[in-house]
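Order of the sequence lines sets the chain letters (A, B, ...), proteins ahead of strands, with each chain counted from 1.
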Protein chains: 4
Amino acid sequence: MATTADRIDVDRIAVSRHASAAGDPIDWIDVARNLATEFAASAREREQNRTKATEQIARFKQSGLLALSIPKAYGGEGLDWATLARIVREIARGDTSLALLLGVHYIGTAAVWIHGVHESGADFLKETVENRWYIGVVFNPLDPTLSVEVSDNELTIDGWKSFCTGAPLADRILVMAQRADTKALVNLVVSPDAGGLAISADWDAIGMRLGDSSSVRFESVKVARESLVGPAQGVLESTPWLSLFGLQVWLLYSNYYLGAGLGALAYAKHYTRTITRPWISTGLTRASDDPYILELYGRVHIELRGAELLLDRAAIDIEQAILRGPSLTEAERGEAAISLFTARVATARAALDATSQLFEAMGARSATDRIGFDRFWRDVRTHSLHHPLAWKTREVGDWALNGTYPNYKSGYA
Amino acid sequence: MATTADRIDVDRIAVSRHASAAGDPIDWIDVARNLATEFAASAREREQNRTKATEQIARFKQSGLLALSIPKAYGGEGLDWATLARIVREIARGDTSLALLLGVHYIGTAAVWIHGVHESGADFLKETVENRWYIGVVFNPLDPTLSVEVSDNELTIDGWKSFCTGAPLADRILVMAQRADTKALVNLVVSPDAGGLAISADWDAIGMRLGDSSSVRFESVKVARESLVGPAQGVLESTPWLSLFGLQVWLLYSNYYLGAGLGALAYAKHYTRTITRPWISTGLTRASDDPYILELYGRVHIELRGAELLLDRAAIDIEQAILRGPSLTEAERGEAAISLFTARVATARAALDATSQLFEAMGARSATDRIGFDRFWRDVRTHSLHHPLAWKTREVGDWALNGTYPNYKSGYA
Amino acid sequence: MATTADRIDVDRIAVSRHASAAGDPIDWIDVARNLATEFAASAREREQNRTKATEQIARFKQSGLLALSIPKAYGGEGLDWATLARIVREIARGDTSLALLLGVHYIGTAAVWIHGVHESGADFLKETVENRWYIGVVFNPLDPTLSVEVSDNELTIDGWKSFCTGAPLADRILVMAQRADTKALVNLVVSPDAGGLAISADWDAIGMRLGDSSSVRFESVKVARESLVGPAQGVLESTPWLSLFGLQVWLLYSNYYLGAGLGALAYAKHYTRTITRPWISTGLTRASDDPYILELYGRVHIELRGAELLLDRAAIDIEQAILRGPSLTEAERGEAAISLFTARVATARAALDATSQLFEAMGARSATDRIGFDRFWRDVRTHSLHHPLAWKTREVGDWALNGTYPNYKSGYA
Amino acid sequence: MATTADRIDVDRIAVSRHASAAGDPIDWIDVARNLATEFAASAREREQNRTKATEQIARFKQSGLLALSIPKAYGGEGLDWATLARIVREIARGDTSLALLLGVHYIGTAAVWIHGVHESGADFLKETVENRWYIGVVFNPLDPTLSVEVSDNELTIDGWKSFCTGAPLADRILVMAQRADTKALVNLVVSPDAGGLAISADWDAIGMRLGDSSSVRFESVKVARESLVGPAQGVLESTPWLSLFGLQVWLLYSNYYLGAGLGALAYAKHYTRTITRPWISTGLTRASDDPYILELYGRVHIELRGAELLLDRAAIDIEQAILRGPSLTEAERGEAAISLFTARVATARAALDATSQLFEAMGARSATDRIGFDRFWRDVRTHSLHHPLAWKTREVGDWALNGTYPNYKSGYA
């Protein structure tokens with residue numbers, strides 16, 4: 001099945017394409033990994049205290065990670081999407097909420113350039129790099145009530161959207177709204193302090209607690225015409241090529257899950273080896289020799305590792321599709337979508353299993369707030385509810401059985 | 001396989017054995033069910049606010065449920081253990097933490113009479129009924145450090161134990177400690193305000209949050225000799241008959257899990273039918289017609305229902321074994337143990353599956369604190385870690401394959 | 001949930017209702033169990049040689065089991081349907097094919113009296129007992145092409161049906177055909193040597209190999225008007241009560257699966273204990289001490305035992321519904337159906353798991369024709385395909401979520 | 001995790017390394033695929049008739065596939081092991097038994113050269129190419145009773161071994177036997193018509209029926225000293241490098257399972273689309289639109305695809321380890337082993353699931369000998385019993401948790 005796509009090597013790309021000022025290559029995955037280790041140390045406490053991620057966003061800014069998703073032409077690092085997804089995964093190993101916040105910045109900035117830079121998009125991207133802006137989004141396509149009136153020198157936005165990730169922490173917010181006249185969906189940028197814009201504090205999910213995804217209400221919010229950073233005639237869905245954007249977004253989703261699963265595995269291993277008491281019936285002195293604990297780690301590793309390879313493959317397939325350009329056919333888009341949906345179901349299931357079952361390898365004292373290990377399960381359980389897994393499975397099956405590709409025009413497949 | 005054991009009918013027992021003052025039978029299961037409905041209404045809020053269960057313990061007292069586990073000879077209702085387990089399950093449907101608190105009262109009082117009333121036990125039981133005392137426990141056999149010096153007119157207790165359920169809320173605490181001289185385990189009663197007794201506030205489990213199971217420290221706690229409510233020569237484990245007490249305790253555990261699973265199912269059904277939006281790809285107007293949601297409810301029901309029947313059977317088998325009396329053979333005890341362990345694995349797995357998977361039938365907006373549906377999973381995940389399920393499965397397998405019964409002398413099987 | 005239904009005790013019924021000539025009760029379940037042991041000894045060889053079950057049908061005749069399904073009024077033993085189902089299960093433990101053959105005789109005879117004896121039915125039943133006839137069926141409702149012309153003194157049958165279990169071995173065949181005039185389905189009896197009747201030898205299923213279910217073709221088969229053993233105006237489906245017959249048939253199906261699963265478990269246990277070599281990495285001298293083999297037996301027992309209790313309950317619920325009589329309401333019929341469908345999914349899944357996974361407890365040398373252990377899986381895999389399990393699960397889910405009962409008028413639910 | 005290993009691309013290797021006489025590259029995977037299609041067409045019939053694979057071995061000879069495993073220095077094609085494994089997988093898609101027969105030829109020839117060509121090995125390899133010999137093996141290390149006396153001009157072999165795949169069809173047989181003097185294991189070659197050599201016809205496995213793996217008995221079989229084709233001082237296990245041979249063998253095993261799973265999927269898809277009748281409750285006209293059938297295909301694809309990527313990765317990891325040469329460290333060998341064992345468990349489980357569950361997407365009429373679809377399950381079920389999956393899972397877990405590598409000296413890990 002696999003062919004030329006194999007030739008992209010995510011690790012290699014990240015190392016070789018990008019060089020520091022002194023000419024030495026920067027290993028961005030390594031940068032992310034270090035940041036993840038730092039974030040992991042405080043993750044439990046920040047989550048339980050509901051500490052806003054202000055400091056961590058600052059760390060993103062310092063680290064250079066926020067520039068990775070912006071093309072070199074606008075001053076960014078222009079990393080490929082597969083590597084960006086991998087970076088998000090690394091962050092998720094430490095703190096899934098923060099991966100969500102980073103991911104949404106990548107999505108928000110990519111939305112401006114991914115299918116060509118339009119109107120005032122170039123300026124926005126340059127400013128984002130220069131000012132080290134963090135970008136949040138108002139995107140959720142399942143809330144179709146946000147409308148914008150476009151006049152020659154002004155946009156007027158009205159309505160409400162839920163799941164506006166990062167908006168409460170953002171320097172600028174990328175908004176997808178529906179033109180009142182043509183009903184086309186357009187992208188525009190607003191400042192969080194725009195008059196008439198109210199970001200609620202209603203994010204009360206049981207997981208991704210710090211990945212602030214509150215709802216946002218617009219009441220006659222007026223912004224300059226230049227805020228329209230995408231094509232005035234509309235974005236998304238009209239061609240296989242434009243619909244790739246959805247796949248890019250969902251690729252990040254799966255990396256949240258896989259990262260959480262791998263983070264949970266790393267945490268549990270340390271705990272089992274250093275804290276867990278052997279079950280009294282084992283007659284063993286170390287829990288790490290219990291045959292059922294060993295088998296459990298084996299099962300969890302096998303499931304996560306299979307999911308990881310599926311996701312690495314999907315990242316390559318999506319990157320390949322992006323590189324194909326606007327001539328991307330429906331079948332090519334379809335193959336990339338199936339590759340991703342396959343990975344999506346596998347990563348979510350693997351992460352749900354790992355984050356719940358590993359408690360059994362840690363023992364009765366591991367289910368406490370002091371440990372906070374349940375955040376991994378809550379993070380995955382919460383976010384993986386976006387798009388029902390059963391329907392993703394069906395889409396994969398419809399392709400496997402009937403050769404039918406997911407309907408790229410739907411916006412949800 | 002089933003034979004005479006079938007003749008006990010849990011529902012019928014509860015109704016027919018017990019009559020109110022006026023001669024009308026009281027349906028205690030119905031009393032529990034009504035209380036559960038009442039508790040369910042406030043469960044989310046009380047959990048999130050960490051409201052101590054003081055008011056709910058008062059409701060237990062008013063309802064008469066606390067007297068059910070005490071023999072009629074001492075003024076109680078003397079219900080059989082199968083019915084008590086069922087009552088605990090009903091409470092768990094509304095609030096698993098409160099079921100844990102009620103269960104521990106049943107355990108604490110049963111510990112005094114179950115194998116014959118010794119020494120000052122009779123007085124303690126009578127007082128418990130008269131004063132409507134709520135009894136907590138200091139029991140955890142995996143913390144073997146609590147010792148008691150027994151003199152002619154005084155007991156002196158020193159040491160520490162974890163998982164002392166209900167102790168912080170109790171009128172009296174049933175303590176299992178090791179005699180300093182003979183090393184035998186004895187039962188005694190202390191008042192929570194005894195000098196030298198310190199109940200910590202260290203209960204920070206992710207589930208069963210209100211089932212306060214903090215640790216307790218004794219520093220030269222002195223109580224009267226009459227506080228020794230069990231045999232001075234020791235309790236537990238020396239015969240198949242005495243070891244039944246472990247099975248009685250664990251029977252309640254499984255009822256916590258099943259109750260939580262059934263409670264989650266009831267909650268989810270209501271939510272799916274009234275709030276869940278149909279997934280956009282379904283083309284349906286109601287989520288409750290989604291083929292995958294229907295299949296999911298089918299799977300959850302089938303698994304929970306199988307677990308329920310296994311648990312009802314185990315309750316009958318244990319009650320039968322109790323009725324057999326001290327001549328209970330090792331094989332008879334073994335059969336009851338296998339029946340229970342079979343149910344224990346099945347109930348825990350079914351409840352873990354239900355409480356996690358039902359989110360998928362409720363949709364992306366169900367994973368919020370406002371809903372608080374995750375408490376069901378947290379409750380089951382937390383408590384089912386007591387005794388590894390893999391080892392219970394092995395014990396069942398050793399019997400299925402080799403006809404070997406769990407070692408009743410171990411105290412953990 | 002269950003209440004009065006508990007009062008029927010399948011084992012007790014079988015023992016107490018029926019007495020031998022000398023007044024001693026006959027334990028028919030025991031009779032079946034002994035026969036199963038006898039059949040098991042030759043099952044592998046007979047299956048591999050495709051030995052027609054002629055001898056075993058003769059053993060059924062001698063044993064008295066064929067009379068159990070016929071009411072006492074017509075000379076039979078008149079056992080309740082729950083006990084008949086249990087007897088079929090016992091036979092299945094030894095040889096699932098033979099259970100299928102016995103089951104179809106019970107179905108064929110019950111079809112004549114279950115909702116009242118019509119027309120010539122009484123004579124047919126009496127003759128069946130007197131002559132110790134074995135009855136096969138031509139029933140499959142999914143092949144709707146069999147039609148019958150009914151005249152005053154003659155019936156003329158034309159068409160074809162598949163899955164005609166037992167027909168090639170039968171003394172008489174119970175046929176369900178569609179009246180050419182009214183399109184109503186009627187029951188009639190034919191002799192296998194009737195002119196124009198051709199029983200093909202096309203039964204080539206991978207399982208249930210000896211449960212001969214070939215197809216049958218009728219070309220102007222003429223039989224006497226008295227052959228119409230059911231109501232001339234038609235049978236089935238028009239009321240909740242009449243639709244119970246489908247549940248009775250399917251109850252037997254689940255008993256085939258459970259019996260096969262339990263038979264496989266018994267076989268595997270003996271093999272593991274006496275033949276399986278311990279895996280070299282275990283360092284053990286007996287395979288029966290391998291921790292993973294013990295766990296596997298535990299898992300298989302737990303799943304099968306849960307299924308068994310569900311099936312025992314469904315048998316009781318169906319028997320209760322039968323006893324309710326023609327006033328049976330749609331809701332009562334629905335409850336019995338859900339109870340059965342719950343058991344059906346659980347028994348099929350448990351039996352599929354057991355019959356495949358137990359190879360792993362027996363080792364590499366167990367997958368041979370000399371052992372023939374694969375027949376258990378093939379039997380279950382083959383027969384459980386009748387009615388998709390996913391759709392049964394959905395029907396359970398539709399009831400669990402929406403309170404909707406399976407459509408009794410459909411003939412498949 | 002993955003790094004440089006990514007640089008090997010199995011598909012590319014196969015195409016680019018090898019050129020036909022005319023200079024055009026031969027795509028050996030394509031050759032295998034075409035042969036598989038040819039074999040698939042007759043697979044059911046040959047299996048049911050127990051047709052010896054004589055004709056198919058001839059087709060292997062004609063196709064050139066038998067030369068692929070022999071280094072160019074001896075006239076072969078010298079393909080890397082990853083590609084050979086892939087070729088075996090392609091054959092397995094058509095007929096798993098034949099893949100087993102091809103695999104054993106690769107193993108038998110590789111045993112001679114893989115760690116350096118010794119003694120008369122070079123001549124044997126050249127003759128194998130020249131004469132287009134098919135090589136069987138007498139290898140099973142779990143039967144340690146085969147001994148060889150080594151004198152200056154003669155070898156004398158005595159003893160018995162089971163699972164001698166391909167021996168009954170072979171031109172020459174590669175034998176692993178234990179030196180009577182040093183107890184070292186040595187490789188030697190015998191002709192199937194050697195005096196005293198008796199190949200029994202006792203292969204009666206329920207799967208891999210045509211992959212003839214009968215037992216072989218040697219009674220004072222005398223062969224020339226030159227038959228010793230490996231080092232006289234012994235083979236295997238003494239270093240990480242030599243122990244790689246076990247991984248090479250087991251890599252082929254997993255490819256049998258995956259090939260069978262993929263072959264079953266392809267078969268089932270065609271059947272569902274062209275033959276399966278929609279279940280009556282669906283109200284649909286095509287089974288291929290049934291939501292549960294679509295979901296089932298999705299699940300099967302997702303599981304198989306994850307297993308496929310794990311196996312492709314393991315192939316690369318093993319090939320990399322081979323290329324590392326004798327300096328291969330224990331840790332490097334361990335990483336390759338874990339990669340393979342991960343894939344092994346995943347491929348076996350995926351193939352067992354697919355080959356059993358896909359019946360549910362094909363319907364009640366698919367479980368017949370006429371279809372013969374059960375051969376896929378029987379093939380996988382039979383062969384995957386070699387090395388218990390639970391112990392492979394444990395080995396993966398011991399590495400995941402404790403960083404412990406499988407014991408390469410054991411010969412089974």
Side-chain angles (χ1 to χ4, degrees), chain A residues 140-142 162-163 202-209 277 279-282 287 290-293 295-296 352-353 355-357 359-375 377-378 381-395 406-407 410-413, chain B residues 140-142 162-163 202-209 277 279-282 287 290-293 295-296 352-353 355-357 359-375 377-378 381-395 406-407 410-413:
Chain A
N140 183 14
L142 287 168
S162 61
F163 296 129
D202 60 359
W203 180 238
D204 76 335
I206 62 165
M208 298 286 198
R209 284 195 193 283
R277 304 197 294 192
W279 175 240
I280 196 154
S281 305
T282 62
D290 182 322
Y292 303 116
I293 288 180
E295 190 195 24
L296 176 53
L352 285 168
D353 286 348
T355 57
S356 177
Q357 294 173 6
F359 277 107
E360 299 177 29
M362 299 168 76
R365 286 156 203 277
S366 67
T368 60
D369 285 335
R370 190 169 47 81
I371 306 292
F373 184 77
D374 58 312
R375 71 177 166 96
W377 177 82
R378 287 186 284 101
R381 182 65 291 179
T382 297
H383 199 279
S384 65
L385 296 174
H386 293 270
H387 295 205
L389 294 172
W391 281 89
K392 289 294 129 192
T393 308
R394 177 208 179 99
E395 282 158 10
N407 178 8
S410 76
Y412 313 100
Chain B
N140 183 12
L142 286 169
S162 61
F163 293 129
D202 61 358
W203 180 239
D204 77 333
I206 62 166
M208 298 286 198
R209 285 197 194 281
R277 303 197 293 193
W279 175 240
I280 196 153
S281 305
T282 61
D290 183 322
Y292 303 116
I293 287 180
E295 190 195 24
L296 177 53
L352 285 169
D353 286 347
T355 56
S356 177
Q357 293 173 7
F359 277 107
E360 299 178 30
M362 298 166 75
R365 286 155 203 275
S366 66
T368 61
D369 286 333
R370 191 169 46 83
I371 306 293
F373 184 76
D374 58 312
R375 71 179 167 95
W377 177 84
R378 287 186 284 100
R381 181 67 292 179
T382 297
H383 199 279
S384 65
L385 296 174
H386 293 271
H387 295 205
L389 295 172
W391 281 90
K392 289 295 129 195
T393 307
R394 176 209 179 98
E395 283 157 10
N407 178 8
S410 75
Y412 312 100

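In terms of non-hydrogen atom pairs under 4.5 Å with chain A, the most contact-rich of Met208(B), Arg277(B), Arg365(B) is Arg365(B). Comparing Phe359(B), Phe373(B), Trp391(B) by how many heavy-atom pairs each has under 4.5 Å with chain A, the most go to Trp391(B). Each of Ile206(B), Leu352(B), Leu296(B) has some count of heavy-atom pairs under 4.5 Å with chain A, and the biggest count is that of Ile206(B). Ranked by heavy-atom pairs under 4.5 Å with chain B, the first of Glu295(A), Arg370(A), Glu360(A), Met362(A) is Glu360(A). Contact count versus chain A (heavy atoms, under 4.5 Å) is highest, among Ile280(B), Asp202(B), Thr382(B), for Ile280(B).
The contact between Asp290(B) and chain A is made entirely by side chain atoms (from C-beta outward), counting heavy-atom distances below 4.5 Å. If you measure heavy-atom distances from Ile371(B) to chain A, you find no contacts under 4.5 Å at all. With a 4.5 Å cut-off on non-hydrogen atoms, Ile293(A) does not touch chain B at all. When heavy atoms are compared at a cutoff of 4.5 Å, Trp203(B) does not approach chain A at all. Neither the backbone nor the side chain of His383(A) comes within less than 4.5 Å of any heavy atom in chain B. Proximity to chain A is absent for every atom of Ser384(B), based on heavy atoms less than 4.5 angstrom apart. Within the 4.5 angstrom heavy-atom criterion, no atom of Thr393(B) approaches chain A. Proximity to chain B is limited to the side chain of Glu395(A), based on heavy atoms less than 4.5 angstrom apart.
Ring planes of His387(A) and Trp279(B): tilted class, angle from 30 to 60°.
With sequence neighbours left out, the ring-ring contact (aromatic ring centres under 6.0 Å, His included) criterion links Phe163(A) to His386(A).
The side-chain heavy atoms of Arg209(B) and Arg375(B), taken from C-beta on, include no pair separated by under 4.5 Å. Between Trp377(B) and Arg381(A), every side-chain heavy-atom pair lies at or beyond the 4.5 Å cut-off.
Put simply, CG on Asp369(A) and CG on Asp374(A) are 6.5 Å apart, with the number rounded to the nearest 0.5 Å.
The two residues Ser366(B) and Gly363(B) come nearest to each other via the heavy atoms OG-O, 2.7 Å. For the residue pair Ala367(B) and Leu385(A), the shortest heavy atom distance occurs at CB-CD1, 3.9 Å. Among all heavy-atom pairs drawn from Ala413(A) and Pro406(A), the shortest one is O-CB, 2.9 Å.
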